Amino acid sequence: MEFTSILFYVFSLFFVGSSLVMITSRNTAKAALWLILTFFSAASLWLLLEAEFLAITLILIYVGAVMVLFMFVIKMLDTEASTLRAQFTRYLPLGIFVSLVVIVQMALVLNAGPFDLETVGLPEQHGPSYSNITAIAQQLYTVYVYPFELAAVLLLIAIIAAITLVHRTQVNSKKQNISEQINVQAKDRMRFASINKDSTKENK
Amino acid sequence: MWQSFVDLTHQLIPWFNGSLADILIIVIKGLALIFPLIIMMAYMTYAERKVIGFMQLRIGPNRVGPFGLLQPFADVFKMLFKEVIFPSKSNIYLFLLAPILAFVPAVAVWAVVPLGEDFYIANIDVSLLYVMAIGSVGVYGIVLAGWASNSKYPLLGALRSTALLISYELVIGFVLVTVVMVASSVNLNTVVESQSGGILNWYWIPLFPMMIVFWIGALVETNRAPFDVVEGESEIVGGTHVEYSGMPFALFFMAEYFNMIFMAMLAVLMFFGGWHSPFEGIPFLEGLFGFVPDLIWLLIKMSFFLFLYFWIRASFPRFRYDQIMRLCWKVFLPLTIVWIFVVALMTQLGIGPWF
């Protein structure tokens with residue numbers, strides 16, 4: 001058995017195991033952490049497939065950004081177990097239906113043939129000096145440049161939509177204008193008054 | 001002797017195909033990098049206290065050993081023998097996982113750092129991306145510490161610092177993009193290699209504003225003053241570290257200093273020509289300083305940035321949280337995006353001081 005196959009089985013074991021623990025874990029924060037381990041194992045598997053750019057992007061985006069936001073939400077939520085499980089039976093049929101649909105779809109696609117080893121063949125093995133980031137960049141910015149740009153615009157629209165949905169200007173909020181605060185000069189805060197000596201004597 | 005050892009391992013376990021020996025070599029290389037780093041980190045705490053002491057007209061540590069030189073070790077042993085206190089009603093596993101999650105990425109990023117021309121642990125092709133990816137994992141230490149402590153101040157500190165770290169990662173990412181565009185490579189070795197040839201060829205000239213932005217971003221990412229909102233002693237007691245004592249706290253501390261050294265190193269590699277001598281290509285001086293090894297140049301440049309940390313900490317008062325956020329989203333982000341277009345134009349038209 002080659003060393004890479006041992007690595008493959010180790011990472012696959014981590015992958016399957018951690019995803020199983022993730023869906024059975026009762027503590028939301030722990031579940032999120034197991035999901036992070038799942039992402040790491042997936043990234044390691046991709047590294048074995050010589051897809052180093054994809055692997056590192058997976059960690060960068062999903063572990064570094066998406067899951068951090070998840071943790072953020074979990075921290076602020078009330079994670080009382082009873083409230084989380086309150087309407088479990090009500091949503092159970094819907095959940096079963098959705099997961100069944102997903103499983104059937106995946107089975108249909110994966111068994112259809114385009115992913116068979118016979119049709120695709122073994123992926124080409126490259127040496128350690130091979131770099132797939134240039135290959136990806138060349139494809140992405142020449143052949144697929146319009147889909148790429150379209151996806152970017154779509155994401156921008158999503159961002160703007162999310163902001164317009166959530167952001168409402170409050171009428172009574174005491175908002176601070178930070179630019180004004182930073183650009184304040186000494187003369188705005190201090191007032192020099194010239195006091196007449198004689199007038200102060202009279203007051204006494 | 002080393003070769004015979006390698007041969008022996010090859011004979012012992014033939015079905016490992018020589019991989020075990022490779023792994024052993026990698027482990028030894030890693031240890032050879034981590035131990036000097038730990039010593040460096042220990043003496044950084046000493047240097048920090050001395051430098052800030054002198055800046056504030058104090059003496060700094062001078063009790064343990066000559067000039068207080070053994071102070072770091074005294075601190076380490078104090079930390080080791082302290083009791084680890086677990087807050088009641090906290091999740092003990094997550095509570096102990098947090099410092100580990102803060103420390104491991106801080107060490108793991110060093111795997112791709114080139115210290116010389118052929119002096120590195122791994123020379124991977126996407127090392128700048130790797131640095132970004134692993135660096136972003138360090139946030140979990142703070143998030144978990146804040147959440148698992150089950151206490152007010154850690155939660156507040158974790159909340160605001162997580163938001164900060166995510167925001168400034170964006171800015172640092174854009175700065176890296178400009179560097180990648182100029183060097184036309186995401187490999188740190190190649191980035192340094194393309195800056196060869198004297199102080200005028202380093203990227204700090206064409207990317208000067210980016211260097212400033214990067215350094216401020218680095219201060220935020222490493223939670224240093226004036227952006228140390230995680231701890232904020234005068235505001236929220238000690239932030240995420242409130243409930244930690246003994247070695248778990250020491251791990252947070254070490255992670256912070258490892259990150260600091262790493263950010264200084266990254267600044268040197270990207271903007272200050274890495275291990276290249278500043279006098280390359282200058283007729284007389286090149287020969288005069290020819291005897292200085294590459295590593296020494298690298299360490300000198302890095303020490304300058306490490307000194308900057310202390311200097312800045314002694315000079316500036318703490319920023320307010322919303323002001324740091326404004327600085328990120330309304331000042332740095334537009335600036336970096338504009339500079340990306342400027343760099344793109346300059347590389348396309350072939351103008352600029354890089355060759």
Side-chain angles (χ1 to χ4, degrees), chain A residues 1-7 25 27-30 32-34 36-37 39-40 43 47 50-77 79 126-137 175-182, chain B residues 13 15-20 22-23 91 93-94 97-98 101 105 112 122-140 142-144 146-148 154-155 158-159 162-163 165-166 169-170 173 180 184-187 190 319-327 330-331:
Chain A
M1 192 153 60
E2 267 186 62
F3 186 63
T4 43
S5 359
I6 296 175
L7 281 182
S25 170
N27 187 328
T28 332
K30 276 186 190 167
L33 284 176
W34 284 110
I36 292 165
L37 182 61
F39 284 139
F40 262 104
L47 273 183
E50 297 182 348
E52 70 265 13
F53 178 70
L54 280 179
I56 287 181
T57 320
L58 180 75
I59 293 178
L60 186 65
I61 293 171
Y62 279 90
V63 178
V66 175
M67 288 312 290
V68 174
L69 291 179
F70 263 72
M71 295 296 289
F72 221 83
V73 173
I74 289 167
K75 265 202 301 199
M76 306 216 259
L77 279 182
T79 48
H126 302 279
S129 59
Y130 173 74
S131 140
N132 72 1
I133 189 166
T134 32
I136 288 177
K175 208 176 175 185
Q176 296 176 325
N177 190 346
I178 303 171
S179 313
E180 237 170 54
Q181 290 177 345
I182 288 177
Chain B
I13 311 165
W15 53 274
F16 257 123
N17 233 349
S19 306
L20 186 68
D22 289 345
I23 288 178
N91 194 322
Y93 298 107
L94 295 184
L97 189 67
L101 273 185
V112 295
N123 179 14
I124 62 172
D125 205 55
V126 283
S127 43
L128 263 178
L129 281 174
Y130 173 86
V131 162
M132 278 295 287
I134 299 297
S136 62
V137 177
V139 184
Y140 286 103
I142 294 167
V143 176
L144 274 183
W147 189 78
L155 192 64
L159 271 178
T162 326
L165 289 181
I166 298 176
E169 234 157 54
L170 219 65
V180 167
S184 64
S185 169
V186 271
N187 187 331
T190 323
F319 267 59
R320 214 172 61 197
Y321 171 73
D322 56 340
Q323 288 176 349
I324 313 177
M325 274 304 200
R326 171 187 170 270
L327 194 66
K330 293 191 176 170
V331 181

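Chain A is the first sequence line, chain B the second, and so forth, proteins listed ahead of strands; every chain is numbered from 1. FYI, side chains are in, hydrogens and waters are out, and symmetry mates aren't considered; it's all heavy atoms of this structure. What you see is a predicted model, and the numbers here were worked out from it, not measured in a lab.
Here CD of B/Q323 is found 6.0 Å from CD of A/Q181. Values are rounded to the nearest 0.5 Å. A/L33 contributes atom CG, which lies 6.0 Å from atom CG of B/L97 (distance to the nearest 0.5 angstrom). Residue A/E52 holds its CD atom at 11.0 Å from OG of B/S127, rounded to the nearest 0.5 Å.
More than 12 heavy atoms of other residues, nucleotides or ligands lie within 6.0 Å of OH in B/Y321, so this atom counts as buried by the packing criterion. The number of heavy-atom neighbours closer than 6.0 Å to CZ of A/F39, taken from other residues, nucleotides and ligands shown, is above 12.
For B/Y140 (side chain) and A/V63 (main-chain N/O), a donor-acceptor pair under 3.5 Å exists by modelled atom type.
Contact of B/I166 with chain A is made through the side chain alone, with heavy-atom distances under 4.5 Å. For a residue to count as touching a neighbouring chain, one of its non-hydrogen atoms must lie under 4.5 Å from one of that chain's; by this rule B/A148 does not touch chain A. Looking at A/T134, neither its backbone nor its side chain comes within 4.5 Å of chain B, counting heavy atoms on both sides. In this structure, chain A has no heavy atom under 4.5 Å from any part of B/V331. Looking at A/I36, only its side chain comes within 4.5 Å of chain B, counting heavy atoms on both sides.
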Please determine whether side-chain contact (heavy atoms from CB on, under 4.5 Å) holds for the pair A/F40 and B/V137, giving the CA-CA distance in whole Å, both sets of side-chain angles, and the decisive distance to 0.1 Å. CA-CA 11 Å; A/F40 262 104; B/V137 177; 3.9 Å; yes

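Closest of all the heavy-atom pairs between A/F72 and B/T162 is CE1-CB, 3.5 Å. Between B/E169 and A/G64 the shortest heavy-atom distance is OE1-O, 4.2 Å. Taking every heavy atom of both residues into account, A/M71 and B/V143 meet most closely at CB-CG1, 3.6 Å.
If you tally non-hydrogen atom pairs under 4.5 Å between each of A/N132, A/I133, A/I59, A/V68 and chain B, the highest count goes to A/V68.
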